[in-house]
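Scroll down for the structure; my scribbles are underneath it.
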Amino acid sequence: MADVPAECNIKVLCRFRPLNQSEIVRGDQFLPKFQGDDSVVVGGRSYSFDRVFPTNTTQEQVYNTCAKQIVKDVLSGYNGTIFAYGQTSSGKTHTMEGKLHDPHQMGIIPRIAEDIFNHIFAMDENLEFHIKVSYFEIYMDKIRDLLDVTKTNLSVHEDKNRVPFVKGCTERFVSSPDEVMDVIDEGKSNRHVAVTNMNEHSSRSHSIFLINIKQEHVETEQKLCGKLYLVDLAGSEKVSKTGAAGAVLDEAKNINKSLSALGNVISALAEGTKTHVPYRDSKMTRILQDSLGGNCRTTMFICCSPSSYNDAETKSTLMFGQRAKTIRNSASINLELTAEQWKRKFEKEKEKNKTLKETIQKLETELNRWRNGENVPETERTTSEVVTRIESVEERPILDNDTSSIVVRISEEERQKYEEEIRKLYKQLDDKDDEINLQCQLVEKLKQQMLDQDELLASSKGDGDKVQAELGRLQVESDCAKAEVKEVLQALEELAINYDQKSQEVEEKGLQNQLLADQLSQKMASLMELEAELSRMQEFSTIVGNGEIKLPVEISGAIEEEFTVARLYISKIKSEVKSMVKRCRQLENMQLECHRKMEETGRELSSCQLLISQHEAKIRSLTEYMQSVEQKKRLLEESHDSLSEELAKLQDQDNSLLEEKEGEKGETEDGNVKSSWLKPASLKKCCTFVFFISRRPIVSRGSLTVASITSSWPVLRDEINEKQRIIDELTDRNSKLELELAQVRADFERLKSQDSTKSERLEELSFLHERHEQTKQDLKGPGGDCRE
């Protein structure tokens, strides 16, 4: 229960950071000109806020100005929010967090943690406090718990007062500032950051640190509760300046999208003419719905860059802050009344109702007299004092020592009679209240079951869509893999045919080389014979007469020249023959290696075909499973419809019961039908009969339906988890198959390169063969001359 709401504007504060080193090196100008404590001039235009902090402001000054009061408000039972908005690298994280363990450089969040406990230690000893903290981030428009990284996609729900909250988020009880800092350190280590051209540690998500404080007075049982949201928004950015690419670019798109949604909400609230405020456009605005135009005392930091390089972004941020400054929140104390206070409030309402009915009867009587033509004297007319007295009863606050009542002059017997009737009516009213409470509990339980069933249906539908999409993707990948395998097989067949042709050509060239080697050996033998004959002739010339028989100088010179040419040709032919033999051996080795690789490729292709057949079988099984999931989903929808019908029946019965109660109560107060209320036993029996009639369908049908659904849910969940595991295995095997296909393609490319190399070597061998033929022709001429 809350007190009368007090309207107040959002508190907007502007903070400028100093020029950083890169801006100084670039030679950027310092744009802002500060005028007093609440205005700044940028580009010739003045902007006014609740407070403007220049570049030399310390962290302590910022905290004492903006956040110190909000701690007292939260401990007094109000809700509070502090969040920082601005461009990337404008100082938002420095303002909110700073250096967590540095006493001088720590930001707002660690200082608030210390200040809360300092205030608690100085408060009344009869107060008991329960402090819980939560830490989560909104990354890629998904809520991710920073204290439990397994919770990656939490949902936003509303409580009984229609206040949004994050369902399933981890809550930790803390009892000292050190425990709060441990939670902050743990959550900060799990937050998403990245390096951009504007900032080395750029926040890629919106982080929200929630402090929930509940206090209770031991003696009076008075309860107060307050929530404090501490939000560090990710910065808006231009891709051209940050240089974002890949995953960082996707993060930037989602950041700018959520900040645009925040701007739309603030614009709608600032205009005040729109009936619809788009809180549901993003999860961040959904969570901060109570902070923007709701029951909260909100403080917004506008963090700006003073550089002329960021002129456009700074002006846009300042205009955003001016629009936000016009938003009005209705903050009220979150007070929970005790049972005694509720009872006194009920008594006051009863008194007010009774007085109003008496006044209405008097006015109706006076009106009938006027309509009948009578002249009502002034002494019998209803004056404005009655209305004043009713308003005083209505506006009188609920106090612990409030004992005022309306005095009615009646006799003692009538008083006793009325008191007896009042006691009986109170007893009957208590019985009715108990029955209504039971019905309300049952209704709440059924509503919760319906919500759970809705979530189950939504999750089942989402899982089914994901499985269907995964099946489609696997089918497409399987078709692509089949096509690629066919192409690889065709290429391998062509390569095998080409390889056979090249092998035949190599064999033919080997035979030709063998023939050339035989001819060369014959030529060598003839040359040896010629050399032997020449040596005999030289011996003969030396023996025959000491120069008496001399060959002519021209003939001897010609012979020497011919022999020199022959020796050169012979040495060249020997070296070429050796190189040819060596290359032939290399070709044979390469041929064996190619055969071995082709066999390995064949084995890999057979394994790929086997994997593809296995994938097809698993896809068929998953299709059958999807059909069973659809059938189970239809069963769940039918059960949901039956629960909806039961709830509608129960609500109709509750409404009829309440109408009957109000009618009977009105008849008792008017005094027209007193006999039925004077018999509490008969009334109780009737009410009990109606109650059991209204509950019988719910017990016979609703509970059995919920039990059947609850019993089938673990089996369905296990089956979904098992199929998800099978899909993950198929995905892994598919990735392995893609790697194997990539390896086969690489082998195919390598074989093609080897084939081209062999072709080049065959061309070289052909060229060498032609040279050998030419050499043979050249050797025939000198050899014939020698024999002649």
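Keep in mind the model is a prediction, meaning the values are calculated, not measured. Just so it is clear, the values below take in all heavy atoms, side chains as well, and ignore hydrogens, waters and symmetry mates.
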Minimal non-hydrogen separation, Gln35 against Ser46, with atom names: OE1-OG, 4.3 Å
Backbone N/O of Glu97 and side chain of Arg111: donor-acceptor pair under 3.5 Å: no
Any Asp124 side-chain heavy atom under 4.5 Å of His217 side chain: yes
More than 12 heavy atoms from other groups under 6.0 Å of CD on Glu455: yes
Set of residues satisfying side-chain hydrogen bond (donor to acceptor under 3.5 Å, both in side chains) with respect to Asp148, sequence neighbours excluded: Thr150
Whether Asn334 side chain and Gly77 backbone form a donor-acceptor pair below 3.5 Å: yes
Side-chain H-bond candidate by donor/acceptor type, Asp28 with Asn310, under 3.5 Å: no
Euclidean distance, Ile327 CD1 relative to Ile10 CD1, rounded to 0.5 Å: 4.0 Å
Derivation and outcome, side chain to side chain contact (heavy atoms under 4.5 Å, CB included), residues Phe320 and Leu262: CA-CA 10 Å; Phe320 178 89; Leu262 176 62; 4.1 Å; yes
Short side-chain donor-acceptor distance under 3.5 Å, Asp178 and Ser176: no
Euclidean distance, Phe165 CZ relative to Ile287 CD1, rounded to 0.5 Å: 11.5 Å
4.5 Å side-chain heavy-atom contact, Leu259 and His206: yes
Verdict with supporting geometry, Cys66 and Ile108, side chain to side chain contact (heavy atoms under 4.5 Å, CB included): CA-CA 9 Å; Cys66 72; Ile108 291 174; 4.0 Å; yes
Interatomic distance, Lys11 atom NZ to Asn329 atom CG [nearest 0.5 angstrom]: 14.0 Å
Any side-chain heavy-atom pair of Phe301 and Phe53 under 4.5 Å: yes
Parallel, tilted or perpendicular: ring planes of Tyr47 versus Phe49, cut at 30 and 60 degrees: parallel
Any donor-acceptor pair under 3.5 Å from Gln59 side chain to His94 backbone: yes
Under 3.5 Å side-chain donor-acceptor pair for Arg15 and Thr95: yes
Taking every non-hydrogen atom, the tightest pair across Pro110 and Met181: CB-SD, 3.7 Å
Shortest non-hydrogen separation from Asn264 to Pro278 and the atoms involved: CB-CG, 4.2 Å
Short side-chain to backbone donor-acceptor contact, Asp232 and Ser207, under 3.5 Å: no
Stepwise side chain to side chain contact (heavy atoms under 4.5 Å, CB included) test for Ile211 and Ile112: CA-CA 10 Å; Ile211 303 176; Ile112 280 180; 4.2 Å; yes
Salt bridge (charged side-chain N to carboxylate O under 4.0 Å, His left out) between Glu158 and Arg286, intermediate numbers included: CA-CA 10 Å; Glu158 290 183 351; Arg286 186 81 175 98; 2.7 Å; yes
Point-to-point distance, once rounded to the nearest 0.5 Å, from CD1 of Ile82 to CD1 of Ile70: 4.5 Å
Within 6.0 angstrom of Met319 CE, more than 12 heavy atoms from elsewhere: no
Asp115 and Tyr63 side chains, donor-acceptor separation under 3.5 Å: yes
Nearest non-hydrogen partners of Arg26 and Ser307, listed with the distance: NH2-OG, 4.4 Å
Min side-chain heavy-atom separation Leu456-Gln453 under 4.5 Å: yes
Donor-acceptor contact present, side-chain Asp290 to main-chain Gly294, <3.5 Å: no
Euclidean distance, Asp73 CG relative to Arg297 CZ, rounded to 0.5 Å: 4.5 Å
Donor-acceptor pair, side chain of Arg17 and main chain of Cys303, under 3.5 angstrom: no
Identified salt bridge (Lys or Arg N to Asp or Glu O under 4.0 Å) partner of Glu171 from the options Lys227, Lys132, Lys214: Lys132
Whether Phe173 and His130 hold their rings parallel, tilted or perpendicular, with breakpoints at 30° and 60°: perpendicular
N-O pairing of Asp465 and Lys461 below 4.0 Å: no
Shortest non-hydrogen contact from Pro306 toward Leu19: CG-CD2, 3.9 Å
More than 12 heavy atoms of other groups within 6.0 Å of His101 NE2: yes
Steps toward side chain to side chain contact (heavy atoms under 4.5 Å, CB included) verdict (Arg328, Ser330): CA-CA 7 Å; Arg328 298 184 66 82; Ser330 298; over 6 Å; no
Cys304 backbone acceptor or donor facing Thr314 side chain under 3.5 Å: no
Gap separating the CD atom of Glu216 from the CD atom of Glu128, nearest 0.5 angstrom: 6.0 Å
Lys/Arg-Asp/Glu bridge criterion (N-O < 4.0 Å) met for Glu470, Arg473: yes
Pairwise side-chain contact, Met123 with Phe129, heavy-atom cut-off 4.5 Å (strictly under): yes
Minimum heavy-atom distance Pro164-Gln289, with the two atoms named: CG-OE1, 3.6 Å
Pair Glu179-Ser175, side chain to side chain donor-acceptor pair (under 3.5 Å): steps then yes or no: CA-CA 7 Å; Glu179 293 182 4; Ser175 59; 3.1 Å; yes
Under the side chain to side chain contact (heavy atoms under 4.5 Å, CB included) test, residues paired with Lys72 that sit two or more places apart: Gln69, His119
Plane angle bin for Phe34 and Phe16 - parallel if under 30°, tilted between 30 and 60°, otherwise perpendicular: perpendicular
Side-chain donor/acceptor of Glu186 to backbone N/O of Val183, under 3.5 Å: no
Test item: Val42 and Asp311 side chains (from C-beta on) under 4.5 Å apart, heavy atoms: yes
Main-chain N/O of Ser291 paired with Asn79 side-chain donor or acceptor, under 3.5 Å: no
Ring-face cation of Arg144 near Tyr139 (centre distance under 6.0 Å, axis angle within 45°): no
Sub-4.5 Å side-chain heavy-atom contact between Thr299 and Leu13: yes
Ile131 side chain reached by Ile120 side chain, heavy atoms, under 4.5 Å: yes
Asn295 side-chain N/O to Ser332 backbone N/O, donor-acceptor pair under 3.5 Å: yes
